[in-house]
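Okay, so here's the structure we're looking at.
Counting begins at 1 with the first residue of the sequence.
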Amino acid sequence: MTTSSWKPTVLADLRECLKLLTADGTVPGGVIAHGTFDGEPGFLTAGIVAPECTGARPGPDTLYDAASLTKVLATWLLIFFGCIDIDRPVHTFLPSVPAEAPGAKVTVRQILTHTTGLRAVTRLDQYRGRTEDLAQLICDESLIGKPGASHRYINRGFILAGLLLAQDAGHRLENLAAEAWAALEMTNTTYGPISRSSQVAPTERRLAGAPRLWGIPHDDNAALLGGVAGHAGVFTTAADLATYAGTLLTCHRDGTRLGRWLAQSMVPQVAIEPGLDRGLAWILADDGQVAYHHGFTGTSLYLAPRTGRYLAICTNAVYHHEANRTRLAPLRALALKAITAEP
């Protein structure tokens, strides 16, 4: 690994893009963390946390709803810490799931690669009033594809992964995650709900006149699970994402167990589209040299072990409406271009 610092012109472009998205109302504000594994992180900021936060400016310690970054901040990490055999079928972890259920033989690898064949639309509210265990309900559903055959982004696989991690360890998922984050010195990353404050970025108001979602997950299914799930529910900060990224890149360089897990996860498993593959949880670009993941609410994390660089984006792009998240595309495209560019 050769460490390559960030060029001032690249950082200026990222800052300007974030400012433009703030000015046009795409986001109230946000934070971009940038750095290398062997240096102190830098932070680019724009706008405000939200109008409800009395003009507070976003910063490294502002808590954002990470949404699907939960998949790589919690579930992917806990599969490593739990020494999970990723080629085991889920029913071998979950006693409530009959071996003959349609989804029983889905493996943890297939969950990580989004190749389970499970139903893509996740509506846990449809299970209200049912008495069966949640894992059984998910696995009893008919498959929509052959497991391992093709890529389709599916949240319910990661919900299953969260359930099996807790079952296998005999501890609640949030407690397992808290221990892992403490070990990595991620001092502010947590599952919700968390108390409202000017340091917590609100998200969407679902009904006119109703309270805004603030300190509880934007994801409906995570909310139904009490805010703790394998696919969503985590809150984090730009500072903690920088710490996480720096740790992963350092471990990759040193060839530690965690570093080898990242290297294994950056081996392409299935094509998503031309130029993009799915590794184990992570999206891979630049011929497998860059790993990244997005969160629905407006978060992203990018790792480039070859250059030792990382980028993290924290915004509450769903503040005005969840459709606003699609307007983050220019910033995310610029970030991917920056992380894959030659130093």
Residue pair T113 / T115, side-chain donor-acceptor N/O under 3.5 Å: yes
R88 backbone acceptor or donor facing T107 side chain under 3.5 Å: no
Side-chain ion pair, E52 and R212, N-O less than 4.0 Å: yes
Interatomic spacing from CD in E174 to CH2 in W181 - rounded to 0.5 Å: 9.5 Å
Test side chain to side chain contact (heavy atoms under 4.5 Å, CB included) applied to R119 and I144, I154, I138, the passing residue: I144
Nearest non-hydrogen partners of A238 and A33, listed with the distance: O-CB, 3.7 Å
Connected via hydrophobic side-chain network under 4.5 Å: I339 and V31: no
Within 6.0 Å of CZ in R152, more than 12 heavy atoms from elsewhere: no
Test side chain to side chain contact (heavy atoms under 4.5 Å, CB included) applied to L311 and V10, L301, L14, the passing residue: L14
Shortest non-hydrogen separation from A120 to Y153 and the atoms involved: CB-O, 4.4 Å
Close side-chain approach of V49 to P202, heavy-atom, < 4.5 Å: yes
Validation row: Q136, P98 side chains within 4.5 angstrom (heavy atoms): yes
salt_bridge(D254, R260) N-O dist < 4.0 Å: no
Candidate list L69, V318, L328, test side chain to side chain contact (heavy atoms under 4.5 Å, CB included), partner T297, passing option: V318
For the student: nearest non-hydrogen atoms of F235 and G215, plus distance: CZ-C, 3.6 Å
ring-ring contact (aromatic ring centres under 6.0 Å, His included) evaluation trace for H114 with F158: CA-CA 9 Å; H114 293 277; F158 275 79; 5.2 Å; yes
Candidate pair L73 and M186, rule side-chain contact (heavy atoms from CB on, under 4.5 Å), full reasoning: CA-CA 10 Å; L73 289 177; M186 297 165 66; 4.3 Å; yes
Atom pair CG/CD1 of D85 and I79 - distance to nearest 0.5 Å: 11.0 Å
T340 side-chain N/O to L336 backbone N/O, donor-acceptor pair under 3.5 Å: yes
Heavy-atom pair of closest approach, residues L137 and R130: CD2-NH2, 3.2 Å
R309 vs T307, side-chain hydrogen bond (donor to acceptor under 3.5 Å, both in side chains): CA-CA, chis, key distance, verdict: CA-CA 5 Å; R309 296 187 299 178; T307 59; 3.3 Å; yes
Other residues, nucleotides, ligands: >12 heavy atoms within 6.0 Å of D287 CG: no
Centroid separation H294 to Y292 less than 6.0 Å: yes
Rounded distance (nearest 0.5 Å) linking atom OG1 of T236 with atom CG of L241: 4.0 Å
Y127 side chain to E132 backbone, donor-acceptor under 3.5 Å: no
Criterion ring-ring contact (aromatic ring centres under 6.0 Å, His included) on Y310 and H34, from CA distance to verdict: CA-CA 6 Å; Y310 63 81; H34 60 88; 8.1 Å; no
hydrophobic_cluster_shared for L303 and L276, side chain cutoff 4.5 Å: no
Co-membership, hydrophobic cluster, residues V106 and V270, 4.5 Å side-chain: no
Side-chain heavy atoms of Y319 within contact of P51, under 4.5 Å: yes
Side-chain heavy-atom pair Q167, F93 within 4.5 angstrom cut-off: no
Value rounded to 0.5 Å, distance of SG in C139 from CG in L160: 4.5 Å
Polar side-chain atom of W214 near backbone of V200 as donor-acceptor pair, under 3.5 Å: yes
For the student: nearest non-hydrogen atoms of P330 and R327, plus distance: CD-O, 3.3 Å
T247 and E185: CA distance, side-chain angles, deciding distance, side-chain contact (heavy atoms from CB on, under 4.5 Å) verdict: CA-CA 9 Å; T247 299; E185 299 183 350; over 6 Å; no
Residue that, paired with Q269, satisfies side-chain hydrogen bond (donor to acceptor under 3.5 Å, both in side chains) out of R278, R109, H151: R109
Side-chain heavy-atom pair F80, R257 within 4.5 angstrom cut-off: yes
Ion pair D220/R123, N-O distance below 4.0 Å: no
Exam field: side chain D24 to backbone T26, donor-acceptor pair closer than 3.5 Å: yes
Working for side-chain contact (heavy atoms from CB on, under 4.5 Å), residues I194 and T190: CA-CA 9 Å; I194 53 179; T190 183; 3.8 Å; yes
Hphob cluster co-occupancy, L18 + I313, side-chain heavy atoms under 4.5 angstrom: yes
Transitive ILVMFWY side-chain link V90 to L134, under 4.5 Å: yes
Whether K71 side chain and G230 backbone form a donor-acceptor pair below 3.5 Å: no
Shortest non-hydrogen contact from T189 toward V234: CG2-CG1, 3.6 Å
Cationic tip of R253 above F37 ring, under 6.0 Å, 45° of axis: no
Side chain proximity check, D277 to I272, heavy atoms < 4.5 angstrom: no
Note, T237 side chain near Y64 side chain (heavy atom, < 4.5 Å): no
Interatomic distance, L77 atom CG to T70 atom OG1 [nearest 0.5 angstrom]: 12.0 Å
D219 vs H231, side-chain contact (heavy atoms from CB on, under 4.5 Å): CA-CA, chis, key distance, verdict: CA-CA 9 Å; D219 183 273; H231 73 297; 2.8 Å; yes
E273 atom CD, neighbour heavy-atom count above 12 within 6.0 Å: yes
I86 side chain reached by Q264 side chain, heavy atoms, under 4.5 Å: yes
Nearest-0.5 Å distance that lies between atom CG in N221 and atom CZ in R156: 8.5 Å
